[in-house]
Amino acid sequence: MGLYAISDLHLSLSSDKPMDVFGEQWYNHDERIKENWIKKITDKDTILIAGDISWSMKIEDGKADLQWIHRLPGRKIISKGNHDYWWGSISKLNSLYEDISFVQNNFFTYENYAICGTRGWTIPGEKYSDHDMKI
């Protein structure tokens with residue numbers, strides 16, 4: 001039983017937004033992630049997926065990406081990334097799959113650890129605006 005973390009999957013299984021536009025090394029990145037995941041992860045493991053799951057704009061389109069994650073082994077805990085525009089109601093998300101939990105104003109546990117998330121931000125003084133200060 002282990003704890004793993006990954007982020008920035010940027011899946012686009014229901015749309016035409018391949019990651020290889022960012023370079024040849026991204027070609028079939030989803031298949032390479034899947035192959036390595038299956039080699040390393042068992043159903044007894046917990047995987048933190050720290051945002052930027054899908055390029056989808058709406059949950060209806062993002063369900064193909066979530067289904068892809070669901071089919072992989074392990075318990076998954078997902079936090080929202082800045083590109084996760086598909087992210088909707090937390091209660092609806094948390095009712096989709098038994099093996100996927102979504103973090104938003106809540107937390108989950110792994111052994112003696114609490115798993116939670118927060119929004120990253122810039123440091124005051126570095127491109128920091130009045131709007132940033134309000135948030």
NE2/H70 to CD/E98 distance, rounded to the nearest 0.5 angstrom?
8.5 Å
So, taking the atom named CG in L9 and the one named CD1 in I78, what distance separates them when rounded to the nearest 0.5 Å?
8.0 Å
When rounded to the nearest 0.5 angstrom, what distance separates OH in Y4 from OG1 in T46?
10.5 Å
So L48 and L3, do their side chains get closer than 4.5 Å, heavy atoms only?
yes
Indicate, with yes or no, if F108 and I90 share a hydrophobic cluster defined by side-chain heavy-atom contacts under 4.5 Å among Ile, Leu, Val, Met, Phe, Trp and Tyr.
no
What about W86 and I77, same hydrophobic cluster or not, with Ile/Leu/Val/Met/Phe/Trp/Tyr joined at side-chain heavy-atom distances under 4.5 Å?
no
Does a side-chain heavy-atom distance below 4.5 Å link I69 with I53?
yes
Can you name the closest pair of heavy atoms from S54 and G62 and give their distance?
OG-CA, 4.1 Å
Quick check: closest heavy atoms across A50 and S7, and the distance to 0.1 Å?
O-CB, 3.3 Å
Keeping the roles fixed (side chain from D8, backbone from D52), state whether a donor-acceptor pair exists under 3.5 Å.
no
If we only count heavy atoms from C-beta on, is the P73 to D43 side-chain gap below 4.5 Å?
yes
Of all heavy-atom pairs linking K34 and W68, the shortest is CB-CZ2, 3.7 Å
If you look at every heavy atom in W37 and I47, which pair is closest and at what distance?
CH2-CG2, 3.7 Å
Are the side chains of F107 and I115 in contact, using a 4.5 Å heavy-atom criterion?
no
Would you say that I33 contacts I6 through its side chain, given a criterion of any heavy-atom pair below 4.5 Å between the two side chains?
yes
In short, salt bridge (Lys or Arg N to Asp or Glu O under 4.0 Å) pairs touching residues 70-87 with sequence neighbours left out are K76-D99
Parallel, tilted or perpendicular, judged at 30° and 60°: which one describes the rings of Y110 and Y113?
parallel
If you count the non-hydrogen atoms of other residues, nucleotides and ligands that lie under 6.0 Å from CD in E111, is the total more than 12?
yes
How many angstroms lie between atom CG of L72 and atom CD1 of I49, to the nearest 0.5 angstrom?
8.0 Å
Measuring from I100:CD1 to Q67:CD, what's the distance to the nearest 0.5 Å?
8.0 Å
Can you name the nearest heavy-atom pair linking D45 to K40, along with the distance?
OD2-O, 3.9 Å
Work out which heavy atom in L93 is nearest to a heavy atom in F102; give both atom names and the distance.
O-CE1, 3.2 Å
Between atom OG of S79 and atom CD of Q104, what is the distance when rounded to the nearest 0.5 Å?
10.5 Å
